[in-house]
Amino acid sequence: MLEEKITYEYDFPLNIEIVELKEYPLHYQHDVEFIAVLQGSVEIKIGVGTYTLSSGSVFTVNAREVHGIYGKDTQNTVAFITLNTEFFSQKFPLLSNSAFRTYSENESDPRFTALR
């Protein structure tokens with residue numbers, strides 16, 4: 001299993017990467033990651049589930065959770081927003097034991113508006 005090492009430049013506890021992807025095979029990281037689909041669609045395989053996310057979707061991957069991301073369209077744009085769990089655990093000691101979920105089949109759920 002591939003462990004992804006996140007680099008936080010200038011000791012800033014947040015990393016944002018915007019990419020077009022075809023395949024990001026199964027991997028994990030020690031930090032919380034938000035995946036926002038900006039254009040096109042992608043498929044995320046995580047645990048025993050497979051989720052198809054289209055433009056405007058947001059998905060949360062918990063620390064140490066194995067996942068893979070695969071492009072569904074010939075062109076897509078995805079933002080990966082990673083939070084340095086070690087840094088934020090200074091203020092929120094239970095953060096590394098927390099689990100987050102943002103997936104909903106109802107993409108028009110009003111709670112997503114604030115998150116986006």
Side-chain angles (χ1 to χ4, degrees):
M1 191 63 47
L2 178 64
E3 178 185 347
E4 180 183 14
K5 301 277 188 185
I6 307 295
T7 302
Y8 295 95
E9 292 188 33
Y10 310 108
D11 293 327
F12 191 70
L14 178 78
N15 188 51
I16 300 174
E17 235 182 305
I18 298 176
V19 300
E20 182 178 332
L21 65 85
K22 292 184 181 179
E23 179 179 3
Y24 198 157
L26 290 173
H27 66 284
Y28 69 96
Q29 61 268 348
H30 291 278
D31 300 315
V32 175
E33 178 177 58
F34 295 98
I35 300 170
V37 181
L38 305 176
Q39 177 186 354
S41 63
V42 297
E43 184 176 85
I44 296 179
K45 294 184 180 184
I46 188 164
V48 296
T50 300
Y51 304 94
T52 299
L53 306 176
S54 57
S55 182
S57 297
V58 178
F59 195 92
T60 304
V61 179
N62 296 298
R64 299 175 303 281
E65 199 165 26
V66 176
H67 60 288
I69 306 138
Y70 308 90
K72 296 285 288 175
D73 296 321
T74 55
Q75 188 174 15
N76 60 56
T77 306
V78 180
F80 293 99
I81 304 159
T82 311
L83 304 178
N84 185 327
T85 306
E86 184 178 333
F87 175 86
F88 287 104
S89 290
Q90 296 171 37
K91 292 283 185 187
F92 307 100
L94 299 178
L95 180 63
S96 62
N97 297 329
S98 300
F100 302 94
R101 180 172 183 255
T102 55
Y103 181 77
S104 172
E105 290 184 9
N106 178 10
E107 286 293 328
S108 63
D109 188 320
R111 295 174 292 177
F112 282 129
T113 303
L115 183 59
R116 287 187 186 108

List the atom pairs, donor and acceptor, that lie under 3.5 Å between side-chain atoms in residues 38-48 and the rest of the protein, sequence neighbours left out.
{"residue": "Gln39", "atom": "OE1", "partner": "Thr77", "partner atom": "OG1", "Å": "3.1"}
{"residue": "Ser41", "atom": "OG", "partner": "Asp73", "partner atom": "OD2", "Å": "3.1"}

Task: Partners passing ring-ring contact (aromatic ring centres under 6.0 Å, His included) against Phe80 (at least two apart in sequence or in another chain) - done: none

Open item on the list: Could you tell me if the side chain of Thr82 sits less than 4.5 Å from the side chain of Tyr8, heavy atoms only?
Closed with: yes

Open item on the list: When you group the ILVMFWY residues by side-chain heavy-atom contacts below 4.5 Å and let the links chain together, are Ile6 and Ile18 in the same group?
Closed with: no

Open item on the list: Would you say that Glu65 contacts Tyr28 through its side chain, given a criterion of any heavy-atom pair below 4.5 Å between the two side chains?
Closed with: no

Task: Side chains of Ile35 and Val61 in contact at under 4.5 Å (non-hydrogen atoms) - done: yes

- [ ] Determine which pairs satisfy salt bridge (Lys or Arg N to Asp or Glu O under 4.0 Å) with at least one residue from residues 76-86, sequence neighbours left out, and list them in order.
- [x] none

TODO: Starting at NE2 of His30, measure out to CD of Glu4 and round the result to the nearest 0.5 Å.
DONE: 11.0 Å

Open item on the list: Quick check for you: to the nearest 0.5 Å, what is the distance between Ile16 atom CD1 and Phe34 atom CZ?
Closed with: 11.0 Å

- [ ] Assign the ring pair Tyr24 / His27 to parallel, tilted or perpendicular, where the plane angle (0 to 90°) is split at 30° and 60°.
- [x] parallel

Open item on the list: Could you report the tightest heavy-atom contact between Ala63 and Thr85, atom names first, then the distance?
Closed with: CB-OG1, 4.5 Å

- [ ] Please round to the nearest 0.5 Å and tell me the distance separating atom CD of Gln29 and atom CG of Asn84.
- [x] 11.5 Å

Open item on the list: Do Asn76 and Leu21 have side chains that approach each other closer than 4.5 Å (heavy atoms only, starting at C-beta)?
Closed with: yes

Task: Inter-residue atom distance Ile81.CD1 - Glu17.CD, 0.5 Å rounding - done: 11.5 Å

Task: Taking every non-hydrogen atom, the tightest pair across Leu26 and Tyr70 - done: N-OH, 4.0 Å

